[in-house]
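Throughout, residue positions are numbered sequentially from 1 according to the sequence presented. Not measured: the values here are computed from a predicted model.
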Amino acid sequence: MSPSERKMGEGRQQRGIPVWERPQLGWRRGSPRGMPGGGSRARAQRSLFGLLVHAWLWASSGSSAQVFNLSLSVDEGLPPDTLVGDIRAGLPAAQQQEGGGFFLSEDSDDSPLLDDFHVHPDTGIIRTARCLDREQRDHYSFVAATLLGAVVQVEIRVNDVNDHSPRFPRDSLQLNVSELSPPGTAIRLPGAHDPDAGLFSTQGYTLVQSSDLPKNPAGPFFQLRYGTPGTPPSLPLEPLDLVLLRPWDGGIPRLDREELEAHELLIEAWDGGIPRRTGRLRVELRVLDENDNPPVFEQGEYRAVVREDAQPGAEVCRVRATDRDLGPNGQVHYSVRARQVPGTGGSIEPVGDAAYFTVEELSGVVRVRRPLDRETQAWHQLVVQARDGGAEPEIATVRVSIAVLDVNDNPPTIHLLFLTEEGAARVSEGAGPGDYVARVSVSDADGDPEKEEDATRELGVGFGGGSISLTLEGGEGAFALQSGGPPGVFFLCVEGPLDRETRDLYELLLVATDAGSPPLSTVETLLLWVADLNDQPPRFTQEHYQASVSEAAAPGTAVVWVSASDEDEAGTNHSLLRYALVQLLAPCNPEALQPSIECEPSFTINPESGVISTIRTLDRETQETVELRVVAQDLGEPPLSATCLVTITVDDVNDNEPIFRRQVYNVTLEEHAPVGHCFLQVKASDADAGVYGFVQYSLYDGFQSDQAPPAFRIDPHDGHICVSQDIDRERDPATFDLLVKAKDGGGLSAQAFVRVELEDVNDNHPVFDPLTYVTSISGQTQPGTEIISVRATDRDSGTYGTVAYELVPGDLSSLFTIDSTTGIIYLTSSLSHLEPTTLFLMVCAQDGGGLTAAVNADITIHILQTALAPAEFERPKYTFSVYEDVPEDTPVGTVKARESLNSSEPIFYRISSGNLDGKFSIHPWLGTLRTQKPLDHETQPVAVLTVQAQLGSSPVCSSTEVNITIVDVNDHQPEFLRASDEIRISQTTRAGTAVYVARAEDQDSGLNGLIRYSIASQNPGIFTIDRGLGVVYLRGSLGGEVLQKHTLTLMAEDHGAPPRTSLLMLTIVIEKPEQTPALTFENLVYQVEVSESLSLMTQILRIQAHPQHTTSQTMYSLEASVDAAAFGVHPYTGWMYLRRQLDYESTRTYRFRVFAGIPEDRSLKNVSASVIVHVLDENDNSPTFLRDVLFLKVEENPIPPGVIGKITAIDPDSGKNGQLSYFLLSDGKFFRINPNTGELISWLALDREHQVHHQMTVLVTDHGSPPRNATMVVYITVTDINDNRPFFPQCLPGKELHIKVLEGQPVNMLVTTVFAKDLDEGSNAEVLYSISGKVIFKQEKQKFTKKQINKPTFKF
């Protein structure tokens, strides 16, 4: 429809609407034709007209306006200047003829109306200004007004035309679909979009067969499914699905990737225009592979042959299967199908034919799995299965038949049948040439060569031979083979003379060889024994035997063993011998009391073993030498015999043991006796002569130890006991229990007990503890007042341990004196003339022997000028005692201090030093001392405390010394070093011999630690014990003792009430005397001291053992133990040397055994001795602090608090190398350190406001040579107390602050501002302000303000 044919408009009048109630519109005068309304001049004209219209409407506001509607339409895409309509068509006919033009009003200044249309201002004709696009804007609206006030509401609608084609979001698309997708499967596709409306939008889709794509002869696979166009037409045609068709009668095949991997589809979208517009989408539908094809073997059955000698792993054949699927679905894996059973080690093994073959999983190569044997099984059939890699795999099987080809793999077999009388491999040495020994036959298990000739020719393999040859090797002509007639039968015959004594065994080799290619052979070893005839007489190993026997030998003692041998066959009567003894004329002593008895036979011989033994007691003095003749005869037929001569010498015996003159020696020895000083000689005698009467002495550290004492040594020849190292009574035990053993040349020994008591010498200096003392006294203290007491101890005893004190002269030391016995310092002069100061005194100590303390005691006395005299203790020293088993919080004692007469302040008590472990506490007001932790007399028998008394808040305090003796209770029982012990003594030990020393220790003191010993067994037998020393004696003879072992129960009992006891089970084994060993060490125990700093391979000790009856070379060795691994020994010289570096801190003592033997003489046993190596410490370790840095906090105090902390270092060295001393390298003014304990002492009063932080360096050094040391840093922070009053900087102390204020000033006027300072910190420094006196001012926010003024000046 053209614009001229459309209805131009329809007027509709609206009345009754006041002008001022209408919308405020921006009026414009319509632009004339040909003048687009976008120019600046036109805009100016429109604005001017708008103002006129508003003025006109204001003037006619009292009347009503008429509003009419006009609807117009125009097609999009028409050229510019196309007629759209006339505004006058919207007015009534009567007003259409009126002139005057129109004013236009749009919704906003940016309305596109005048950009897209031309509106004539006079005629109202509307034309297009450009080509319209409905998709950009489909509707325009504006209002036109005449000069008479008529208003026309104009609506212009842009009609749609089919100017857009449907368009898909993408030109092409790739999709995947499984080849097993069922019919009806829908694949979602994106829809096409057409901006046109109504029928011109997308109306449908078509599946187009592209001309460049091949057609499917079986018909299409897919069809399209989408929404049907409906009413209203704006409904979308989505969703758009591509649907897989179902099979139809013609048989549409399913998707098959193996036939077609991808489908190319062309989808066309069309709209409803005439002609219609279209858009296309190219879809590539790729078919995804599924496991829908099973593997297929190339052959229906496989046949193969394999040699029976094929090795495991040899290839037999290859099976091949293919699978049309892709990826894992097409990967084929091969395996042998077989029944399986559990195998060894939990594995699964196949059975049957599958046990001999295997197939490679990927290649399908069939290989031999285990050795084959055609003779056992000639054919094998396998079922090989092929399995693809799908999730639900497809399987195919094929049969594989394998023939096993025979090869010459079986050697001939040899069978023996002996023709001797016993039917055994034995021939008599009397057999002659030609005698039969055995029948030999041979055979072969391989197949007949004629039957396998074809296989041989085809495969080129050998086969079993039909004829077998047999040869004989060895025998050296004594035997030969003869043919037996039938094939494969032979006879073994004697060929030459036989002699069993020359050769009793022949090793013959029978070699059978077949005719195979290559030939195989079998070798049969035949061990042929030659049977014996009695043709050899006996032979003695010696023609003349010489032996010796002790005269103390008991009847039946074996003396010598004669031996004869017979070369005839062992184990037969031909070689079994019997011995007989022929007594020759013996030289007898004519002076014997009973010569007939003395000359009777003294020896007999065992007829079977040839051992000659005594049959009565011998006497060397009567008959020194005996000659015998021995006859040896075999049991053969006839018997043969031989004789030899035996000479026996009767030896003297060691039948006397050493005897000490005394069993127990008690001796005293001064400590620090010079090394080498001999203080005792023990003597033992032996009645025997010669080597048996020679006595050697050895020294041991008690009965329980095989170690030599390090402090003493003994001369092995004369028995002098001497000092071997420095002995200190205060460091070492005060009593040494030693065991001396005397041993003669025959091995008999005796022992004696030596107790060495050390006498004290004055070798210790007095030592102050503590070294520093601090106290404060008032300047008003009266002369004669006890100030403080010092204490020094001396480790010596008696007079040497008595300490006398003396003041060292110095500045103002004359004001004081000291009690030389108690160490109490007294004031001797008035101090009132002195200003507050600090006095330093020094006290020296001297013992009864004249030795003085190495370090004097330092006493610091702070003189404080105060009106109050310090509180004074009633006693300068208090002594209390308390039992170590009292419960905690038990009262110990009470100290009491008296205040001065002019004071009513309370007295406060505190422990200033000596209570580092916190075992005691004191009541701050009552002065009662109580236990705070468990006490232990054995750990700390005495506690020395310093208690201070302070009077109120006075800085002056006094102190006293409190000695608390912790009284021992019987809370420890005696303890033996071990619960049981065993000793061995000889049966020849004489009565009165000390055999054992029982040693028990009791940690208690006094009677509670005094031990007495007894034998608790009901029947002590022949033993007794010294109740004080614990020495066990033999009180009877052991000669007729039947028991070989005695068990004694030794009891150690203290003298406590009630007494405590402990038991020791002592086993005493009685040993028969042994003969002197052929090889003996010089010492049974070797001891040596070795420095830990010695280098490797250094020789440290030589051990020597001497043979008694031979000059052969002695060889030495060490036992295989952990301790012995650090050392080595030269096998011939006996020098021991270091193999590993020693470390005293790891191992201090090594104990092991050394062996000596003679390799040439196997009959001699190895002998052993003990070696004890003591490692000497070297100063190879530096001291180490437990902490690298120490932080301490100390509260400031006008009185030095004393000990504020303890610094601890450790040194793994021993002795002086591990003894530590502490020193301060800095800040010695305020602090000092106890050099022995490491206690850090506050020396002077600390003031935080003067110095907050202190830093010092502590040095610790050991006493080694050269010394080693270490340092650490200590940081001390002084914490604040409220010891400073606030002060006003504006007003000095004692002065007044004057402020002038004019009278008549108003209230709340600021007068002045004052502020105060406090040198403390934290809450102690917070200042609060207030006003005292007549208040006419008020304080506000730390400021003074005026309230009322009546006087000219005021004082605050």
Side-chain angles (χ1 to χ4, degrees), residues 308-309 371-377 406-452 462-536 567-575:
E308 67 172 327
D309 60 349
L372 305 175
D373 187 8
R374 189 202 64 83
E375 288 72 29
T376 302
Q377 187 172 357
D406 184 37
V407 296
N408 189 24
D409 59 342
N410 289 286
T413 304
I414 300 175
H415 304 278
L416 282 172
L417 176 62
F418 291 100
L419 304 177
T420 57
E421 294 181 0
E422 298 87 358
R426 180 182 295 273
V427 60
S428 173
E429 64 178 328
D435 290 347
Y436 290 110
V437 178
R439 177 182 181 273
V440 184
S441 61
V442 293
S443 60
D444 196 318
D446 284 325
D448 190 349
E450 296 180 358
K451 295 181 180 179
E452 299 194 4
F463 51 85
S467 59
I468 303 173
S469 62
L470 182 67
T471 59
L472 177 65
E473 298 177 4
E476 288 77 29
F479 301 93
L481 282 175
Q482 295 181 4
S483 176
V489 178
F490 303 89
F491 289 98
L492 180 64
C493 303
V494 178
E495 183 74 13
L498 302 176
D499 182 10
R500 194 205 67 81
E501 285 71 34
T502 303
R503 185 169 183 177
D504 62 346
L505 177 63
Y506 287 89
E507 183 176 355
L508 306 179
L509 298 180
L510 297 174
V511 181
T513 306
D514 60 20
S517 176
L520 298 179
S521 300
T522 298
V523 178
E524 181 78 19
T525 300
L526 173 60
L527 298 178
L528 191 60
W529 295 92
V530 180
D532 183 46
L533 296 178
N534 192 24
D535 56 350
Q536 299 292 327
E567 295 184 1
D568 289 324
E569 185 177 1
T572 64
N573 289 336
H574 301 160
S575 62

For residues F490 and S483, report the shortest heavy-atom separation together with the two atoms involved. CD2-CA, 4.1 Å
Between V407 and R374, is any pair of side-chain heavy atoms under 4.5 Å apart? no
So do E567 and D535 actually touch side chain to side chain, heavy atoms under 4.5 Å? no
A side-chain contact here means heavy atoms from C-beta on lying under 4.5 Å apart; do E524 and V440 qualify? no
Tightest non-hydrogen contact, residues L528 and A425, listed as CD1-C, 3.6 Å
Mind checking the CD-CG spacing from E308 to D406? Nearest 0.5 Å is all I need. 4.5 Å
Taking all non-hydrogen atoms of both residues into account, name the closest pair between A531 and S428 and its distance. CB-CA, 3.7 Å
Of all heavy-atom pairs linking R426 and V530, the shortest is NH1-O, 4.4 Å
Start with the C-alpha gap between R500 and L533, add the side-chain angles, then the distance that decides, and say whether side-chain contact (heavy atoms from CB on, under 4.5 Å) holds. CA-CA 8 Å; R500 194 205 67 81; L533 296 178; over 6 Å; no
To the nearest 0.5 angstrom, please state how far the CG atom of D568 sits from the CD atom of E429. 7.5 Å
I'd like to check Y506 versus L498 (side-chain heavy atoms, cut-off strictly below 4.5 Å). Are they in contact? yes
Test log, rule side-chain contact (heavy atoms from CB on, under 4.5 Å), inputs F418 and L526: CA-CA 11 Å; F418 291 100; L526 173 60; 3.3 Å; yes
Nearest 0.5 Å, what's the CG-CD distance between L492 and Q482? 9.5 Å
Is there a side-chain contact between T413 and T522, using heavy atoms and a 4.5 Å cut-off? no
Point-to-point distance, once rounded to the nearest 0.5 Å, from CG of N573 to CG of N534: 9.0 Å
Should L481 and L510 count as side-chain neighbours, where that means a heavy-atom distance under 4.5 Å? yes
Would you call F491 and L419 a side-chain contact if the rule is heavy atoms closer than 4.5 Å? yes
In sequence, state the C-alpha distance, the side-chain angles, and the governing distance for L509 and T525, and then conclude on side-chain contact (heavy atoms from CB on, under 4.5 Å). CA-CA 5 Å; L509 298 180; T525 300; 3.4 Å; yes
Mind listing the closest non-hydrogen atom pair of V427 and A431 along with its distance? CG2-CB, 3.8 Å
Between S521 and T513 the two heavy atoms that sit nearest each other are OG-OG1, 3.0 Å
Does L520 reach the side chain of N410, with side-chain heavy atoms less than 4.5 Å apart? no
Could you tell me the separation between the CG atom of D504 and the CG atom of D532, rounded to the nearest 0.5 Å? 9.0 Å
Straight-line distance of I414 CD1 to S441 OG, nearest 0.5 Å: 9.5 Å
